[in-house]
Amino acid sequence: MSAFTSHPDMPAWTPPTTTPKLPELNVLNSLTRTKVPFLPMEDGSNAVRWYMCGPTVYDASHMGHARTYLGFDIIKRIMESYFGYDLTLVMNITDIDDKIIKRSAERDIPFTELARHWEEEFMKDMDLLGVEKPKVVTRVSEFMPEITAYIQRIIDKGFAYEANGSVYFSVRDFDADDMHCYCKLLPTGKGNQELLAEGEGVLSGAADFINEKKSPNDFALWKKAKEGEPSWDSPFGKGRPGWHIECSVMASNVFQSLGIQTGKMDIHSGGVDLKFPHHDNEMAQAEAEAGEPQWVNYFLHAGHLHIKGFKMSKSLKNFITIRQALEQNTGRQIRLCFLLHKYNEPMDYGDDTMAHACDMETMFKSFFLNVKAALRSSADETRWQDVEAKLARDLEACKKAVHDALCDDFDTPQVFKALQGLVNAVNAYLKEKEACGAKPVELVVRESGRYVTRMFKTFGLIPSGAEIGFPVDAEGGGANKEEVLSPVLDAILKFRADVRDAAKSQGGPDVKALLSLCDALRDDVMPNLGITLEDKGEGAGVWKLENPEDIQRAKERKQAEAERKRLEKEARDKEAAEKEKANSVPPLEFMKALTLDDGSKKYAKFGGDGMPTHDGKGEELNKSQLKKAKKEFEGQKKKYEKVMAKK
């Protein structure tokens with residue numbers, strides 16, 4: 001096998017030698033820091049083995065967790081629904097570690113009780129975000145026999161050693177072996193004692209290791225039991241596993257059960273902050289135990305998430321839990337926000353980014369409603385004219401752009417640029433047909449709506465079932481609901497239009513009252529039922545079926561935006577008025593009114609020209625002070641003269 005690498009800081013990476021069965025997909029592999037073709041390790045197969053680092057369950061899940069798990073849920077859906085891969089996703093739950101032990105001790109409850117509670121809450125959060133469950137979920141506490149046996153095999157192969165009841169991985173021995181390479185993901189992290197100490201856990205101080213480790217770069221595979229801590233029996237004595245070993249053991253165990261002898265995998269994923277030491281140590285352990293030079297073929301990392309430009313932190317008071325985020329926005333809006341950012345690039349989460357996502361949701365929602373309204377009034381004619389041919393070409397161009405973007409490391413922001421272009425093309429087509437009094441051709445409009453819907457289903461924005469657009473109700477029965485209500489709403493719309501036309505033609509004192517009642521039906525009554533009515537000049541107009549909650553939220557958002565703009569204008573007007581008032585003061589009065597920070601007068605005496613000659617204490621101004629005073633005087637004089645010239 002030939003080795004591949006292009007980044008000078010990275011060790012050699014060996015690509016699979018299999019033949020691609022599906023369209024070429026290129027991914028940014030953290031093992032090379034370059035985009036490389038994705039090839040499953042089984043020749044001619046679409047089966048993909050994927051392991052994802054799961055949460056350490058000791059507290060509420062936050063938006064940093066959402067960045068990782070929702071982000072990779074999107075990637076998983078694309079690989080399955082768009083590219084056709086058969087994924088086996090394995091995720092662990094870290095239910096025993098230093099943080100869990102510390103928190104459970106603070107609350108005086110068993111660690112298992114704390115861990116199970118927050119595991120359940122994490123799973124609920126994932127459901128609320130629409131994140132699909134992995135095929136396999138593993139808990140550290142359920143793999144203790146496998147963990148101790150795995151550690152023993154690493155010792156037997158000469159890559160780990162016992163010391164005072166603990167077991168440490170020998171980085172020097174591993175790195176000296178011709179088959180192996182330590183720190184593949186972050187070579188510059190090698191020897192970083194701050195990061196290594198963080199990886200050893202909050203309950204493991206330097207004093208615990210100073211007389212035990214052969215090298216400060218070595219890390220714990222098994223930690224000797226301390227008084228009051230949970231512990232398990234092992235060949236090395238009572239203790240508990242180090243943090244990194246759990247993933248190596250559980251991932252290898254599951255994939256070996258699927259017939260992969262060394263337990264290696266196609267994809268490993270996690271947050272970018274786990275590169276070193278966790279992921280590097282995890283690979284080193286697994287490769288040492290399996291005698292495998294490359295345990296992971298592709299490593300994918302989710303980018304950092306910042307809150308309004310800063311790293312999320314409780315001390316900065318910008319720590320946002322998933323539940324708190326869902327109080328402000330829907331799961332669909334948060335998912336859409338993530339889709340508008342590359343999964344592996346830094347992302348800033350805040351009011352502006354969510355406002356942009358909400359605007360995009362509104363745009364696509366309006367598009368779907370316009371398409372469905374157009375289909376209800378489409379022409380029987382199927383023959384294409386130039387405008388239909390152009391829209392068909394726009395659709396094909398969009399499909400190609402979407403495909404190219406997804407093949408380029410799941411570039412969802414580019415996908416949405418292409419989809420937005422298609423939306424604009426369809427809207428332009430419908431406006432052109434309306435302007436010339438012609439009905440749209442059904443098939444070309446329907447195909448565009450179906451395609452955007454299919455991509456939204458791929459991304460998890462729309463559940464299966466609906467033909468076009470977002471479901472009208474939570475149960476997803478929107479299509480049948482529209483079908484049932486269609487003749488009723490058509491009749492209501494026509495009746496309203498007839499009443500308006502009759503009132504306008506007959507005139508009289510009741511015209512205004514009748515038109516007001518028609519407007520009230522459109523603006524107040526029907527929206528509460530989830531129906532929007534739009535007047536379209538001559539004729540009955542169109543109706544659109546939506547969730548009443550969505551209509552209300554859109555109304556509230558529009559009102560809030562209007563109020564924000566009103567307050568901003570009020571503040572600008574007030575500032576302008578105060579500025580105008582200040583500029584209307586004659587220069588001499590202005591200079592006499594100037595004060596220092598302590599409230600005392602800045603100047604006490606003035607010359608015949610209005611210029612100050614003495615400071616507030618009665619002392620004569622020096623040359624520098626006179627220069628500054630003249631600048632103040634002349635500046636106010638110009639402002640005053642400008643104001644006077646307007647009057």
Side-chain angles (χ1 to χ4, degrees), residues 25 27-31 38 40-41 47-57 61-81 83 85-95 97 115 118-119 122-123 125-127 129-140 142-143 184-185 243-258 260 263-283 285-286 295-305 322 335 338 342-344 347 409-410 459-460:
L25 165 65
V27 299
L28 181 62
N29 191 353
S30 295
L31 289 165
F38 178 76
M41 58 185 168
V48 173
R49 279 40 166 172
W50 182 348
Y51 180 81
M52 178 164 61
C53 281
T56 300
V57 284
S61 303
H62 50 70
M63 288 305 290
H65 292 114
R67 175 66 170 145
T68 296
Y69 300 111
L70 177 51
F72 283 123
D73 179 72
I74 292 168
I75 303 305
K76 171 182 171 291
R77 288 171 182 268
I78 294 170
M79 292 190 73
E80 288 180 326
S81 299
F83 288 110
Y85 288 108
D86 181 14
L87 292 180
T88 298
L89 177 61
V90 182
M91 184 185 78
N92 76 298
I93 298 290
T94 299
D95 62 348
D97 93 323
W118 288 116
E119 178 185 335
F122 170 80
M123 292 301 184
D125 287 345
M126 294 301 103
D127 287 341
L129 291 173
V131 174
E132 293 180 329
K133 287 181 170 57
K135 284 188 180 176
V136 184
V137 175
T138 62
R139 294 191 186 108
V140 181
E142 297 172 353
F143 274 77
K184 291 181 176 181
L185 291 169
W243 177 31
H244 316 299
I245 193 68
E246 62 183 70
C247 293
S248 304
V249 174
M250 293 187 290
S252 297
N253 179 275
V254 173
F255 293 134
Q256 283 170 348
S257 72
L258 295 175
I260 303 170
K264 71 179 295 182
M265 66 195 74
D266 295 287
I267 298 173
H268 194 316
S269 65
V272 67
D273 54 317
L274 298 180
K275 273 189 179 182
F276 182 85
H278 184 56
H279 289 155
D280 269 322
N281 288 354
E282 188 187 329
M283 283 192 293
Q285 295 162 158
W295 185 57
V296 176
N297 282 343
Y298 301 89
F299 228 121
L300 308 183
H301 284 99
H304 280 299
L305 181 130
I322 291 172
R335 180 177 289 263
F338 283 22
K342 272 297 296 287
Y343 77 97
N344 50 15
M347 172 184 166
D409 191 38
F410 316 105
F459 300 139

Flag side-chain contact, heavy atom, 4.5 Å: [X] against [Y]:
X: Glu80; Y: Glu132; value: yes
X: Met283; Y: Ser248; value: no
X: Ile93; Y: Met123; value: yes
X: Trp50; Y: Val90; value: no
X: Leu25; Y: Phe83; value: yes

Between Phe122 and Tyr69, does the ring-ring contact (aromatic ring centres under 6.0 Å, His included) criterion hold? Intermediate values first, please. CA-CA 11 Å; Phe122 170 80; Tyr69 300 111; 5.3 Å; yes
Report yes or no: does [X] contribute a side-chain atom to a donor-acceptor pair with the main-chain N or O of [Y] at less than 3.5 Å?
X: Arg335; Y: Leu129; result: yes
X: Asp266; Y: Met41; result: yes
X: Ser30; Y: Phe299; result: yes
X: Ser81; Y: Ile78; result: no

Is a side-chain donor-acceptor pair under 3.5 Å present for His279 with His301?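 His301 vs His279: donor-acceptor pair found between side chains.
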Would you say Asn344 and Asp409 are linked by a side-chain donor-acceptor pair, where the criterion is simply a distance under 3.5 Å?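 There is such a pair between these side chains.
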Yes or no on side-chain contact (heavy atoms from CB on, under 4.5 Å) for Leu185 and Leu31, after CA distance, side-chain angles and deciding distance? CA-CA 5 Å; Leu185 291 169; Leu31 289 165; 3.8 Å; yes
I would like to know whether Glu142 and Arg139 meet salt bridge (Lys or Arg N to Asp or Glu O under 4.0 Å); could you show each step before the answer? CA-CA 6 Å; Glu142 297 172 353; Arg139 294 191 186 108; 2.7 Å; yes
Once you measure the plane-to-plane angle for Phe38 and Tyr85, does it fall in the parallel (<30°), tilted (30-60°) or perpendicular (>60°) bin?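 Phe38 and Tyr85: perpendicular rings.
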Report the C-alpha separation of Asn92 and Thr94 in whole Å, then their side-chain angles, then the decisive distance to 0.1 Å, and conclude whether the side-chain contact (heavy atoms from CB on, under 4.5 Å) test is met. CA-CA 6 Å; Asn92 76 298; Thr94 299; 3.2 Å; yes
Look at Asp86 together with Lys135 and state whether they make a salt bridge at an N to O cut-off of under 4.0 Å.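 Looking at Lys135 together with Asp86, the answer is yes, because their closest N to O distance falls below 4.0 Å.
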